[in-house]
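Reading through the structure tokens given below for one structure.
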Amino acid sequence: MRKVMSRPPALELAQRPRRLRRSAARRLMVEETVLRPADFIAPLFVVEGDAPPEEIASMPGVFRLNVADLVRECRELHALGIPAVALFPKLDPARKDDTGTEALNPETLVLRAVRAVKAALPDLVVITDVALDPYTSHGHDGVLTTARDDVDNDRTVAILAEMAVLQARAGVDFVAPSDMMDGRVGAIRRALDAAGCTDTGILAYSAKYNSAYYGPFRDAVGSAQAAGTRLLSKATYQMNPANRREAVSEVLLDDAEGADILMVKPAGLYLDIIRDVREATRKPVAAYQISGEYAQLQAAARLGWLDLVRCRRESLVAIKRAGADLILTYFAKEMARELRGG
Ligand code: PBG
């Protein structure tokens, strides 16, 4: 005779959380974090000349674009619902010098790029970095002291304030100080207001860590030696990855100095910081999923070790769940396509 396995009596559970996960429809009903194309800001690299797009070796799918191609790319992003782009110039090394003189040239590459994009797409939000690293031959984010053993904070801030005014006059919506000098947000705000640019906002890289994951970006813009000149490391201005309270203190300073949006960078390895910052300010919080975060996922996907589509979505949901309102990500275009079902 066959023994009939009897069903054990149901556990007496008042709570069965799995009920909410039972079907796709139920899961969707209780989903807490939803990505949308408007969450993303696309970082884009621009170069001189009219060469065709050049792929960045350590960032598959990311290209250096000439101004005409940049405008074309912006048009596509805009059509996909991406509200904003952040432009980064890669300069001809011949234009770089010790003090980053080119940064104050009113006809410098990034300003011409801004004018072209704003002329074609006035509704697209354009953001530009305020920092000297693309312009200095040593790759640091500011000018050096005579002993060349430090970035001269106050001299650098004066240059950054001028740079921000040039960018505002070229039509950017937000200037984004990414240098981590003390007092730069306040100085930039005052300079913008004095120039009549009261509508130009500041997206401050407030808690920017001294991360090894910036490597691919430095290839992209050619600022590689900045990982540390012999006497001077970026650790003297970017934050120590070990510090958490310090991020809140940096953010509160930038908030008080007049930043409109506060940013944490990198993003994925700093989710605790994003959460802390979210709770410390009422202003919008941005997070930058940086080049190394992108490169890691691309590399693992190429080896067949990770599923790129699922991993990139999970990496971005995590950043938003941690508290970011806006995410700078090299996946912006692909994610927007995916979210629109295309
Ligand atoms: C520099 C700047 C950096 C990034 C954006 N602006 C790198 C650095 O400090 O060397 C990094 C972005 C990325 O890695 O994707 N002011």
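Each ligand, and each atom within it, is numbered from 1 in the order the structure gives.
- At a 4.0 Å heavy-atom cut-off, ligand 1 touches Asp133 through the side chain alone.
- Only side-chain heavy atoms of Asp129 come within less than 4.0 Å of ligand 1; its backbone N, CA, C and O stay farther off.
- Heavy atoms of Ala131 found under 4.0 angstrom from ligand 1 belong exclusively to the side chain.
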Practice task
Report the C-alpha distance between Phe45 and Phe63 in whole Å, list the side-chain angles of each, state the deciding distance to 0.1 Å, and finish with yes or no for ring-ring contact (aromatic ring centres under 6.0 Å, His included).
Solution key: CA-CA 7 Å; Phe45 298 104; Phe63 296 82; over 10 Å; no
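- Taking every heavy atom of both residues into account, Asp254 and Ala204 meet most closely at OD2-CB, 3.6 Å.
- A side-chain N or O of Ser315 and one of Gln289 form a donor-acceptor pair less than 3.5 Å apart.
- The closest approach between a heavy atom of Gln289 and any atom of ligand 1 is not below 4.0 Å.
- Every residue meeting the side-chain contact (heavy atoms from CB on, under 4.5 Å) condition with Asp129, not counting sequence neighbours, appears here in chain and number order: Phe88, Ala176, Ser178, Tyr205.
- Of all atoms in ligand 1, numbered sequentially from 1 with element shown, those under 4.0 Å from a heavy atom of Lys208 are 1 (C), 2 (C), 3 (C), 6 (N), 7 (C), 8 (C), 9 (O), 16 (N).
- Close approach of ligand 1 to Ser178 is summarised as follows: ligand atoms under 4.0 Å from at least one heavy atom of the residue are 1 (C), 6 (N), 16 (N).
- Taking the ring axis of Tyr214 as reference, the NZ or CZ atom of Lys208 stays within 45° of it and closer than 6.0 Å to the ring centre.
- Counting heavy atoms only, Tyr330 comes closest to atom 15 (O) of ligand 1 of the residues Tyr214, Phe88, Tyr330.
- Taken from OG1 in Thr329 to CD1 in Ile82, the straight-line distance is 9.0 Å, to the nearest 0.5 Å.
- Within the cation-pi definition used here (under 6.0 Å to the ring centroid, within 45° of the axis), Lys333 does not qualify as a partner of Phe40.
- In this structure, Leu303 belongs to a hydrophobic cluster whose other members, linked by side-chain heavy atoms under 4.5 Å apart, are Trp305.
- Close approach to Tyr288 involves these atoms of ligand 1, each under 4.0 Å from a residue heavy atom: 12 (C), 15 (O).
- An N or O contact shorter than 3.5 Å is missing between Tyr213 and ligand 1 by distance.
- Remark: ligand 1 atoms within the under-4.0 Å shell around heavy atoms of Lys234 are 8 (C), 9 (O), 10 (O).
- In this structure, Glu293 does not count as a contact residue of ligand 1, since none of its heavy atoms falls inside 4.0 Å of the ligand.
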